[in-house]
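Notes follow once the structure below has been shown.
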Number of protein chains: 2
Amino acid sequence: MEEKAVNQVIDQVKEKFSRHLEREGFRKTSERFTILEEIYKRTDHFDAEALYIHMKTKNYRVSRATVYNTLELLANCDLIKKHQFGKNLTQYEKSFGYKQHDHLICEDCGRVFEFCDPRIQQIKDVMGDVLKFSVTQHSLNLYGKCQGACESGI
Amino acid sequence: MEEKAVNQVIDQVKEKFSRHLEREGFRKTSERFTILEEIYKRTDHFDAEALYIHMKTKNYRVSRATVYNTLELLANCDLIKKHQFGKNLTQYEKSFGYKQHDHLICEDCGRVFEFCDPRIQQIKDVMGDVLKFSVTQHSLNLYGKCQGACESGI
DNA sequence: TTGTGTGCAAAAGCTTTGCATGTTG
DNA sequence: CAACATGCAAAGCTTTTGCACACAA
């Protein structure tokens with residue numbers, strides 16, 4: 001059953017978050033776990049405001065400040081990943097259990113697609129070596145036009 | 001002489017900008033050319049506010065609105081390139097005559113370095129093909145720590 | 001002369017901060 | 001119960017917009 005799997009993942013990420021908060025000496029508040037749960041129940045890419053609205057819609061009593069605060073904490077323990085897709089707006093995606101991937105952004109419809117290519121890892125390794133730079137992370141975005149859904153007017 | 005070369009480039013980019021404005025039916029205002037000139041006299045990466053302050057310092061009478069407007073025009077004709085290096089702030093760099101390159105950003109000191117790797121072109125080609133996506137541009141940033149200047153405390 | 005571009009200031013959009021109150025450890 | 005987290009609203013920062021005036025075509 002699909003939902004069972006989702007719940008399993010939610011248990012795992014809560015556990016991981018819990019350990020992170022403990023390790024760093026932060027408090028385990030209900031808001032933090034609720035936000036994490038809602039993120040993992042939902043899909044794909046979102047921004048802070050959308051998440052805030054979502055929480056409000058579900059009648060949770062949270063503030064923007066807490067949303068931003070929690071997103072920061074979750075990013076710090078790799079439960080979500082921060083992105084910028086060409087706009088001055090931070091977008092997030094859940095990252096637990098996801099394999100490394102990069103993004104294709106359609107300049108027409110704004111949709112975000114994902115892809116993997118091992119060459120990016122090679123670039124990181126080689127460049128870190130050559131330039132005496134310890135690379136911790138990267139961001140690769142390809143921009144263009146999706147010839148599928150978008151061009152057929154969907 | 002170094003300065004002579006700079007002036008030659010400035011003449012070339014003004015010419016290119018002029019043709020672009022003509023083609024698109026925009027007016028050739030002194031502000032637009034002055035901003036272009038100041039960008040090409042200066043170095044590397046900058047943001048809109050820094051450029052605005054720079055113009056003010058030089059006693060040019062310009063507004064932020066015109067700076068933003070002109071940056072947009074220059075980006076549209078490939079005389080400058082827009083970037084976001086992990087902050088919600090658009091940064092720019094002159095791009096005329098520069099070969100394709102990507103960026104390494106030091107998470108400690110914020111400095112931006114450049115590198116080239118042909119593999120990125122392969123990724124663009126292959127992914128565009130596989131995913132039926134016409135890739136027009138990309139952005140690849142590597143984040144980490146520069147073991148040189150930064151770690152020795154400079 | 002006509003209408004686009006400009007300067008200025010105000011507004012908008014995303015994010016952070018200050019403060020009083022609530023909750024965790 | 002002490003310190004940290006929260007909610008709320010205000011402030012901050014980057015970017016955009018509205019309007020009257022200036023100037024390119």
Side-chain angles (χ1 to χ4, degrees), chain A residues 14 17-38 45-77 80 82-93 110, chain B residues 14 17-38 45-77 80 82-93 110:
Chain A
K14 281 188 179 175
F17 193 28
S18 185
R19 283 197 306 271
H20 173 75
L21 294 174
E22 226 157 73
R23 194 183 328 120
E24 303 285 322
F26 292 116
R27 291 185 176 171
K28 301 179 187 177
T29 67
S30 64
E31 289 83 357
R32 287 173 176 171
F33 287 98
T34 308
I35 290 172
L36 174 59
E37 186 163 345
E38 288 306 318
H45 305 93
F46 58 92
D47 59 64
E49 183 67 15
L51 178 58
Y52 172 72
I53 299 295
H54 173 75
M55 302 294 292
K56 284 295 187 188
T57 305
K58 287 210 157 186
N59 286 317
Y60 291 112
R61 190 170 171 278
V62 285
S63 64
R64 270 181 254 268
T66 301
V67 168
Y68 277 99
N69 173 356
T70 304
L71 287 171
E72 204 56 41
L73 291 170
L74 292 172
N76 288 341
C77 63
I80 61 174
K82 283 176 146 179
H83 294 290
Q84 286 167 273
F85 297 130
K87 293 179 295 184
N88 284 327
L89 169 73
T90 303
Q91 295 192 264
Y92 303 85
E93 70 180 343
Chain B
K14 282 189 177 174
F17 193 28
S18 184
R19 283 198 304 272
H20 174 75
L21 294 174
E22 225 157 73
R23 195 184 326 120
E24 303 286 322
F26 292 116
R27 292 184 177 173
K28 301 179 188 177
T29 68
S30 62
E31 290 82 359
R32 287 174 177 171
F33 287 98
T34 307
I35 290 172
L36 174 58
E37 185 163 345
E38 287 306 317
H45 306 92
F46 59 92
D47 59 64
E49 183 68 14
L51 178 58
Y52 172 72
I53 298 295
H54 173 75
M55 303 294 291
K56 283 295 185 187
T57 304
K58 287 211 157 186
N59 287 315
Y60 290 113
R61 190 167 172 280
V62 286
S63 64
R64 279 187 186 79
T66 301
V67 167
Y68 278 98
N69 172 355
T70 304
L71 287 171
E72 205 56 42
L73 291 171
L74 292 172
N76 289 341
C77 62
I80 61 175
K82 283 175 145 178
H83 295 289
Q84 285 166 274
F85 297 129
K87 294 179 293 184
N88 285 325
L89 169 73
T90 303
Q91 296 192 265
Y92 303 85
E93 68 178 347

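Residue numbers begin at 1 in each chain, while the letters A, B, ... track the order of the sequences.
Between B:Glu31 and B:Asn88, the residue whose closest nucleotide on DNA chain D is further toward the 5' end is B:Asn88. Projected onto DNA chain C by closest heavy-atom contact, B:Phe26 and A:Ala65 fall at different nucleotides, the more 5' of which corresponds to B:Phe26.
When the nucleotides C:dG7, D:dC8, C:dT15 are ranked by their closest atom to the side chain of A:Arg61, D:dC8 comes out on top. Of all nucleotides listed (D:dT14, C:dT6, C:dG25), C:dG25 comes nearest to the side chain of A:Lys28.
A 4.5 Å side-chain heavy-atom check between A:Thr70 and A:Leu36 finds every atom pair outside the cut-off. The closest side-chain heavy-atom distance from A:Glu49 to A:Arg64 is below 4.5 Å.
OP1 and OP2 of C:dG5 both lie 4.0 Å or more from every side-chain N or O belonging to B:Asn69. In terms of phosphate contacts, A:Thr29 brings a side-chain nitrogen or oxygen within less than 4.0 Å of OP1 or OP2 of D:dT6. Close to D:dG7, at under 4.0 Å from its OP1 or OP2, lies a side-chain N or O of A:Thr66. Under 4.0 angstrom from either OP1 or OP2 of D:dT16 there lies no side-chain N or O belonging to B:Tyr68.
For the pair B:Lys87 NZ and C:dT16 P, the interatomic distance rounds to 13 Å; values are reported in whole Å. For the pair B:Leu51 CG and D:dT14 C1', the computed distance is 14 Å after rounding to whole Å. In this structure, CG of B:Leu89 is placed 13 Å from C1' of C:dC14, rounded to the nearest angstrom. For the pair A:Leu21 CG and C:dT23 C1', the computed distance is 15 Å after rounding to whole Å. Protein atom CD of A:Glu49 is 13 Å distant from nucleotide atom P of C:dT16, rounded to whole Å. Put simply, CZ on A:Arg32 is 15 Å from P on C:dT23, counting in whole angstrom units. Rounded to an integer number of Å, the gap from CD of B:Glu22 to C1' of D:dA24 is 13 Å. Rounded to whole angstrom, the span from the CZ atom of A:Phe17 across to the C1' atom of D:dA5 amounts to 12 Å.
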Item to check | B:Leu21 and B:Phe33: CA distance, side-chain angles, deciding distance, side chain to side chain contact (heavy atoms under 4.5 Å, CB included) verdict | outcome: CA-CA 11 Å; B:Leu21 294 174; B:Phe33 287 98; 4.0 Å; yes
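Taking each heavy atom of A:Phe17 and A:Cys77 in turn, the nearest pair found is CD1-SG, 4.0 Å.
Among the protein residues, A:Lys82 comes within range of no part of the nucleic acid, since none of its heavy atoms lies under 4.0 Å from any strand. Heavy atoms of B:Asp47 sit nowhere under 4.0 angstrom from any nucleic acid atom. B:Thr90 comes within 4.0 angstrom of sugar-phosphate atoms only, judged by non-hydrogen atoms across all strands, and of no base.
On a pure distance criterion of 3.5 Å, a polar donor-acceptor pair joins the side chain of A:Arg27 and the base of D:dA3.
Tested against A:Ser18 for a side chain to side chain donor-acceptor pair (under 3.5 Å), the candidates A:Arg23, A:Arg32, A:Lys28 yield a single pass: A:Lys28.
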